[in-house]
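Structure first, then comments.
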There are 4 protein chains.
Amino acid sequence: MPRAVRERQMMDAAVRTFGRRGYRAASMDEIAELAGVSKPLVYLYLHSKEELFTACIRREAEALLTAVERAVEPELPADRQLWAGLTAFFAHAAEHPDAWSVLHRQARTHGEPFALEVAAMRGHIVAFVAGLLEAAAREAGSPGPPGERDVEGLAQALVGAAESLAAWVNESEGESGGAVSAKEAAATLMNFAWVGLGDLIKGERWSPR
Amino acid sequence: MPRAVRERQMMDAAVRTFGRRGYRAASMDEIAELAGVSKPLVYLYLHSKEELFTACIRREAEALLTAVERAVEPELPADRQLWAGLTAFFAHAAEHPDAWSVLHRQARTHGEPFALEVAAMRGHIVAFVAGLLEAAAREAGSPGPPGERDVEGLAQALVGAAESLAAWVNESEGESGGAVSAKEAAATLMNFAWVGLGDLIKGERWSPR
Amino acid sequence: MPRAVRERQMMDAAVRTFGRRGYRAASMDEIAELAGVSKPLVYLYLHSKEELFTACIRREAEALLTAVERAVEPELPADRQLWAGLTAFFAHAAEHPDAWSVLHRQARTHGEPFALEVAAMRGHIVAFVAGLLEAAAREAGSPGPPGERDVEGLAQALVGAAESLAAWVNESEGESGGAVSAKEAAATLMNFAWVGLGDLIKGERWSPR
Amino acid sequence: MPRAVRERQMMDAAVRTFGRRGYRAASMDEIAELAGVSKPLVYLYLHSKEELFTACIRREAEALLTAVERAVEPELPADRQLWAGLTAFFAHAAEHPDAWSVLHRQARTHGEPFALEVAAMRGHIVAFVAGLLEAAAREAGSPGPPGERDVEGLAQALVGAAESLAAWVNESEGESGGAVSAKEAAATLMNFAWVGLGDLIKGERWSPR
DNA sequence: TATGAATGAGGATTCATTCAT
DNA sequence: CATGAATGAATCCTCATTCAT
């Protein structure tokens, strides 16, 4: 069997195992068995547990970014772009729960080298969202652009909310109340954020006292 | 030395170690050494690694809830309550980064039993926030209450955003741009959410198409 | 059982195993079993295979040096000192063949860190021998001291010859011709070296052509 | 490429790897890569690691013997023969340090089968030297031949000293004091041994008491 | 109350060796 | 003639956990 195929099998098995058990609790034995190969072959192709994990993170980060990018059409107005991106994001996370667990939980919990890998991807997304927010401000004819820090904070919060919702969506799957769909989640978030953003642009702020 | 004191020393050491190393990577050896006691004593008092971790989660969840509850004065209007709670939340997370790591990362990454423990706490917080949202709706004279699911989704998103911001606040500490304070974070979130929430209550919604 | 005792048992087992199998071929499993303890205990006390090997080298080097030093009485004339030292050396090597193998073979064959350890001991011995050679020259009323390099070369050759003879003595043990005793070996070497050394001091040299 | 050539490449690589890393630490992977062939080919031609190592030992032992034999002219007097042989020996060891390491260190450190292989070669050399010593005795008109055991002991010591000096010569290469040449080493040894040997033949002996 | 001594079980990693092509 | 693909068997090391005192 050609190397490329085997390699994909192994990484699939690894993502699944890492996603469910966690980095430390996942054993190379289990991964190899799940992939249907012997352990030495895993080492021959992927060198070490660390490298294997890193490879998984990179592959899944790329896949997530690609899924979002494909869904977004740059000629649309900013809100439609955000909507499309969010929907794709939730859908991807729901369709690949183990990959999502690897990116959102495991990678960020097991040491800098891995966390940096996802941080890079998250940086892309935050920047993308921040861009949309500024575009939205311009489209809305905002008198002056909101401060850069404001925008970054907003983007952080939005992405955080999305991530948190994604986890909720994934976890609600097995529950009695029925699953929450990607579109529902995206709509919730748009309602939560976009309308308020409009006000924010218009200068309406909440402030203590 | 009285048992209660010893026990607290151990749990302090455990929280610190679990928070920094992660559940699996933390060794009972390290915890015992950091606590300044022998390993058998740790087992005598806390029985097993799992129970120790659970105890840490419970203690820190309680501490976080308490900190938030103390800050909130129930006679105030809903928005002031939320503001106070958020500020306390961010401050607590910033002051106890290891505890925050245990709750936010480690506990949710290492198996159901632990995740359920934090899920319970999170449930409390979400319910509290949902209550505030409904109160806000009433206060604002909303024609009809928003659907229950809407409210839960909003609360989830808000709490998720808060958690994400807390991580951001904690991580920005060492950076050049200057640390982000608890108040700043709370203000960002209030701006992000509250104003828009008002519109939402008034019936203004974003919807695709 | 007290730690010190256990530690000695382990090192005895280690010397024996390293001496017979070689550093790489010796397994920690075998050492632990031979010592009558579990593997983790070996690691608890001696930390790693490398450290264990180093500890063995150091202990046996010290033991060998001590054996030689004890045998030498500094008031005697140089030739008697050398004779006593050589006899003690051969006797010690014959009585502790595994230790001798560790020092002479294994340590020098498995990487710098170990080789340096024995090189230090060997340095002591060579210096001691060189000292005796110079003393002998003085005692014999040599007109001028032999060149420093000559002396070092001679000492090297003498020590090398002794080491080689020690190996021969050890290996001849099981053979039909009967074992070679420490005294025989020492005598051979004294004959080989001392008489010639006398001539050398007197200025008689062999030279090509 | 003809088989003989390939085989030589492999053995060259093997000698180099075994000499530097040691028998156990040398991996067939490394040897194959260094030889520029695939691992199965190594197995096809040389069957196993053990056989490969044995083949290396044999080849290099032969080469060393040949180098010494070529240098010795049987019509010369015994001392000149010894001188020529020693010089050739030191030169060969210096020019082929990895081969020397294989013969002197590795082969003798990793189990009987290999040690016997070098022991055979060493036996040839010792016999050759012993022959020269007896010839020298005759040439010197010794009243009676020295005992056989004396001669073997002397030859052993001489060869041992030579081996030890060879290691010293090889290792002194990188040092500040300047390298020690093959001729210097041979001269040291001749001075050390030959002059004294003369006395020995004449019956002058060192003896304790 | 407190600990020094001890271990069973398991995990990452490597290596000599063999097929099918 | 030559190799890409594959593995069984060890080996080093760590860790949660328990006695005897």
Side-chain angles (χ1 to χ4, degrees), chain A residues 1-7 10 21 23-32 35-53, chain B residues 1-3 5-6 23-32 36-53, chain C residues 1-7 10 23-32 35-53, chain D residues 1-3 6 23-32 36-53:
Chain A
M1 193 168 302
R3 173 167 179 156
V5 177
R6 277 279 197 243
E7 226 161 287
M10 290 176 196
R21 295 249 191 281
Y23 176 62
R24 299 279 309 215
S27 87
M28 296 297 270
D29 265 304
E30 190 180 353
I31 292 171
V37 298
S38 71
K39 236 187 321 173
L41 201 58
V42 179
Y43 279 90
L44 190 61
Y45 287 175
L46 286 103
H47 311 113
S48 77
K49 198 183 186 183
E50 242 180 273
E51 275 188 55
L52 172 54
F53 192 41
Chain B
M1 192 169 302
R3 169 159 182 163
V5 177
R6 278 273 203 247
Y23 175 61
R24 296 279 310 210
S27 85
M28 296 297 271
D29 266 301
E30 190 179 353
I31 292 171
V37 297
S38 72
K39 239 187 320 172
L41 200 59
V42 179
Y43 277 89
L44 188 62
Y45 285 178
L46 287 105
H47 317 302
S48 79
K49 195 184 188 184
E50 250 184 80
E51 278 188 51
L52 172 54
F53 191 42
Chain C
M1 193 168 301
R3 174 167 179 156
V5 176
R6 277 280 196 243
E7 227 162 285
M10 289 176 198
Y23 176 62
R24 298 280 307 214
S27 88
M28 295 298 270
D29 265 305
E30 190 180 353
I31 292 171
V37 298
S38 71
K39 234 187 323 171
L41 200 59
V42 180
Y43 279 92
L44 190 60
Y45 287 175
L46 287 106
H47 311 112
S48 76
K49 197 182 186 183
E50 244 182 88
E51 276 188 53
L52 172 54
F53 192 42
Chain D
M1 193 170 304
R3 170 160 181 160
R6 277 272 203 248
Y23 175 62
R24 297 278 310 209
S27 85
M28 296 297 271
D29 266 301
E30 190 179 352
I31 292 171
V37 298
S38 72
K39 239 188 319 173
L41 200 58
V42 180
Y43 278 89
L44 188 63
Y45 286 178
L46 285 93
H47 317 303
S48 79
K49 196 183 186 184
E50 252 184 80
E51 279 188 50
L52 172 54
F53 192 42

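Residue numbers start from 1 in every chain, and the chains themselves are labelled A, B, ... in the order their sequence lines are given, proteins ahead of strands.
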**Report entry** Residue mapping more 5' on DNA chain F - nearest nucleotide basis, D:G36 or A:P40
**Finding:**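 Of the two residues, D:G36 wins.
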Would you tabulate the nitrogen or oxygen pairs shorter than 3.5 Å linking the protein to nucleotides 11-13 of chain E?
unit_1, atom_1, unit_2, atom_2, d
E:dA12, OP1, A:A26, O, 3.4
E:dA12, OP1, A:K49, NZ, 2.8
E:dA12, OP2, A:M28, N, 3.0
E:dT13, OP2, A:Y43, OH, 2.9
E:dT13, OP2, A:K49, N, 3.0
E:dT13, O4, A:K39, NZ, 2.8

Report task. Using whole Å, report how far CZ of D:F53 lies from C1' of E:dA16. Result ->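 Atom-to-atom, D:F53 to E:dA16, this comes out as 16 Å.
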Query - Heavy-atom pair of closest approach, residues B:S38 and B:A32 - result: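 Heavy atoms of B:S38 and B:A32 come nearest at C-CB, 4.2 Å.
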Query - Smallest separation among heavy atoms of A:M28 and A:K39, with atom names - result: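 Between these two residues, the closest heavy atoms are O-CG, 4.0 Å.
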Query raised in the report: Mind checking what makes side-chain contact (heavy atoms from CB on, under 4.5 Å) contact with A:Y45, not counting sequence neighbours?
Result: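 Counting only residues at least two positions away or on another chain, A:Y45 forms a side-chain contact (heavy atoms from CB on, under 4.5 Å) with A:R3, A:R6, A:E7, A:M10, A:L41.
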**Report entry** Listed partners of A:R21 passing side-chain contact (heavy atoms from CB on, under 4.5 Å), at least two apart
**Finding:**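 If we apply the side-chain contact (heavy atoms from CB on, under 4.5 Å) test to A:R21, skipping adjacent residues, the hits are A:T17, A:A25, A:A26, A:E30.
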**Report entry** Whichever of C:M1 and B:Y45 has its nearest DNA chain E nucleotide further upstream toward 5'
**Finding:**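 Between the two, 5'-proximity favours B:Y45.
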Query raised in the report: Are any of the side-chain heavy atoms of B:Y23 and B:E50 separated by less than 4.5 Å?
Result: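 In contact.
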Report task. Could I get the full list of salt bridge (charged side-chain N to carboxylate O under 4.0 Å, His left out) partners for A:K49, not counting sequence neighbours? Result ->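 Expected list: none.
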Query raised in the report: How is B:R3 classified with respect to the nucleic acid when contacts are heavy atoms under 4.0 Å: base, sugar-phosphate, or nothing?
Result: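 No contact.
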Query raised in the report: chain B on DNA chain F: first and last contacting nucleotide, 5' to 3', under 4.0 Å to a heavy atom?
Result: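 So the contact region on DNA chain F extends F:dA16 to F:dC19.
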**Report entry** Consecutive-pair stems (at least three Watson-Crick or G-U pairs, under 3.5 Å) that include DNA chain F
**Finding:**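 Stems found: E:2-21 with F:2-21.
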